[in-house]
Amino acid sequence: MSTTTGKAAEPAKVQAGPGTTSPAAGPKGSRRRRKPSMGVQNMAGWLFSTPFLVLFLVFMAVPIIATLVMSFTDFGLRNVTHPLDANFIGFENYTKLFSDEKFLKSLFNTAYFVVVGVPLTILLGLVVAVLLNNGIDRARTFFRVGFYAPVVTTIVAVAVVWRFVLDPSDGLVAGLFSEVGLTAPDFLGSETLAMPSMIAMAVWRNVGTVMVLFIAGLQAIPTEVREAARLDGANVWQEFKGITVPLLRPTLLYATVITTIGYLNVFEEPFVMTQGGPSDSTLTVSLNMYREGFNFFHMGYASAMAYVLFVVIMGITVLQLRLLKDNTK
Amino acid sequence: MSRTARNASTGIGIAVVLALGLTACGSSGGDDVAADKKQTLTVWAMGAEGEKLADVAKVYEKANPNITVKVTPVGWDVAHQKLVSAAAAGTMPDVAQMGGSYMGEFSELGVLEPVDTKTFQKKDFFPAGWKQGEVDGQAYGVPWYVDTRVLYYRTDLAEKAGITKAPTNWKEMQDLATAYQKKAGTKWGLSIQPSGLDTVQNFYSFLYSAGGEIVNDKGEAVIDSPEAVKALKEYGSYFDKGLSNKSIPPGYDVVKDFGNGRVPMFFGGPWHVTLLNEGQPQLKGKWAVAAVPADKSSTSMAGGSSLVISKDSEHKAAATKFIQYLTDTKGQADWYKRTKDLPANTAAWTSGALADDADLQIFKKQMDTAKSSPSLPNLSEITDKVDQAIAKVTQGKASAEDALKTAQSEIEGLVK
């Protein structure tokens, strides 16, 4: 059920789909004159979106609603074959969540992951993008691919490599430590270090995505603006602060929002690297939800968790949009 | 960053099936097709078994031309979810392989056909193997193959440490672990899992040998018994004394460390014999297996798989005949040859490699007394509580008494 939320966070984006096909045709004044063909055009729009709409309804809307309904029931293992036997228990799942130490811990861990991980990812992504866009000329493609490669690598392969890197007895980092006469700590086995290690891995893995967005944003900045700034005697830092950053703000907003949503849903990293351990120190909300749902079959409870996560994600996204957008005005 | 896509599809799949109310059960047992009619049997088996079973099916088809056996191999990692989805949608295969830990759950779902105890008799199988297929005294699965854990240890390094015989009790095992580390220079003394999913599987050898259990025959939680406390104390002492590694990552390969001598002892299943022979050929003659070192007794855990028939199947007669073929003496010996899975049928052990190989006889002996986990619908949740208790002790967070007391109260709430 981890995922139902993952998806639940997105309908805002997706629902725009059908909307854009019909009313969006309206505002364009020139089209409005051709009244008779409007209906046909509308029809065609709906027709073309039908495959999507059907898939959306069956695989997104129905499960999303089903999850909401389920979150008010005690849906458990037995109900997999007898779904109608589940009892409505009102908000019991929700109230139980907030006295569930494990859930609170997973909420804390997720917050930790987001609060540390998102700024790091955005900052590094921006730095790398700026460097690649201005600095290196020859090996630019090589570096772009290098930074983007982790994004497209499957998480299992990534996990194998990182486990080797972080292995306390014969890993790469342990080797570096012993070069200078130190003993490497057990990164993934320590309650205090497991989360930072996982954040490091996630940042490494996601900087590429952000970098690509920023490179696109940077290249959209007209060269005349830069040239004008230079003519006025701006130095590199002034140019960056006065031109690059403000003009990049829409990209920054988008990158921050999607990275935050992604990180709030973090599942694969703890799933393959630590299984949430040691002692639940890397147990995230999504992983907790997956376990409650698919290991223990507390589907009702897991659904409630999904909706709490959904509300958190929506709240944070709205907040981010407000904060970052208002600044531009 | 849509990272959970695959799990999403399973979750959503289940949700959709439920939401649309497509849970209409297949036709009930009334219109069962006779065994000698022309028909197709659908069979699901997991992992390597799934692939090997297709070969056996071909042999079976030759002898029974009216039957077509369609084997679908299912990966272990997705097996549970696939079976649950199938149960929800009413599309279970006629015959399925099922791990002992699933049994309670699926009988609760009401999708399993009770075993025909006239055809399959309890006395032909290892007691623990049979018990695995039972829920509340009713058999739902016919034991197909069994496994149990025994102690693997490096004989060459033991000699270097001045010990020439296998450890037979807890004290000797700890002495050997210490000697390995002190005198033979190994990094660790014994590899046991400190925390994480299914840590309890390593702990069973201690728990059962001390005479403890998680849930007793009456269905009461008894994990805070003095026996269990004693077992967990012993287990924890390996970590206290630095004989065992406090942190083992998921996916850790003990065979590799056994090969390079970093880990000279571990509890392993029958498949480790093949892994060692094939993966660490340089070790030949330098290791041996021994029965689980005893406290009150030498009792190991029993695992393995059973074969079940779906309640909705229309081919129950043919399915029964096919399972009979797989679980009789001949079929079991043949299966061992193909897979090295240990036969659940004890008669299969009386001839050939199974009777002559001394190492295999250790497995047989261990299997005679091994215990299987109770078949409870929420078993994974219950063992998860024990996993947590073990982790607290191995990480030095709590005493065995306190950790088990907590687990006891949590498990009491789960067994009703």
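Convention: sequence-line order gives letters A, B, ...; per-chain numbering from 1.
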Worksheet item: Any chance CG of B/Asp136 has more than 12 other-residue heavy atoms, nucleotides or ligands included, within less than 6.0 Å?
Response: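 No, CG of B/Asp136 has 12 or fewer neighbouring heavy atoms, counting only those of other groups under 6.0 Å.
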
So for [X], is it side chain, backbone, both, or neither that comes closer than 4.5 Å to the heavy atoms of chain B?
| X | result |
| --- | --- |
| A/Val160 | neither |
| A/Leu77 | both |
| A/Arg163 | side chain |

Item to complete: Count the heavy-atom pairs under 4.5 Å between each of A/Ile155, A/Ile65, A/Leu166, A/Thr274 and chain B, then report the option with the highest count.
Response: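 Counting heavy-atom pairs under 4.5 Å, the top option is A/Thr274.
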
Discussion item. Below 4.5 Å, heavy-atom pairs only: which of A/His82, A/Arg291, A/Glu191 has the largest tally toward chain B?
Written reply: A/Glu191

Taking side chain as everything from C-beta outward and backbone as N, CA, C, O, which of these in [X] sits under 4.5 Å from a heavy atom of chain A? Side chain, backbone, both or neither.
| X | value |
| --- | --- |
| B/Lys246 | neither |
| B/Asp387 | neither |
| B/Leu197 | side chain |

Worksheet item: Does a side chain donor of either B/Gln408 or B/Glu412 reach within less than 3.5 Å of an acceptor in the other side chain?
Response: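 Judged by distance alone, the side chains do pair up.
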
Worksheet item: For the atom pair OG1 (A/Thr256) and OH (A/Tyr263), what is the distance rounded to the nearest 0.5 Å?
Response: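 Those atoms lie 11.5 Å apart.
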
Worksheet item: What pairs with B/Asn378 under side chain to side chain contact (heavy atoms under 4.5 Å, CB included), at least two apart in sequence or on another chain?
Response: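 Scan of B/Asn378 (side chain to side chain contact (heavy atoms under 4.5 Å, CB included), adjacent residues dropped) gives B/Leu376, B/Glu381, B/Ile382, B/Leu414.
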
Discussion item. Please check: side-chain N/O of A/Asp74 versus main-chain N/O of A/Asn87, any donor-acceptor pairing under 3.5 Å?
Written reply: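 Yes; judged by distance alone, with no hydrogens or angles, the pair exists.
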
Fill in: Interface residue of largest heavy-atom contact number with chain A, from B/Asn245, B/Leu379, B/Ile248, B/Asp384, under 4.5 Å
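Of the candidates given, the most pairs with chain A belong to B/Asp384.
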
Fill in: Max heavy-atom pair count under 4.5 Å with chain A, selected residue of B/Lys397, B/Lys392, B/Gln388
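It is B/Lys397.
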
Worksheet entry | Contact check, side chains of B/Tyr252 and B/Val263, non-hydrogen atoms, under 4.5 Å | yes

Worksheet item: So which pairs with a foot in residues 185-198 of chain B pass side-chain hydrogen bond (donor to acceptor under 3.5 Å, both in side chains), sequence neighbours left out?
Response: B/Gln193-B/Thr199

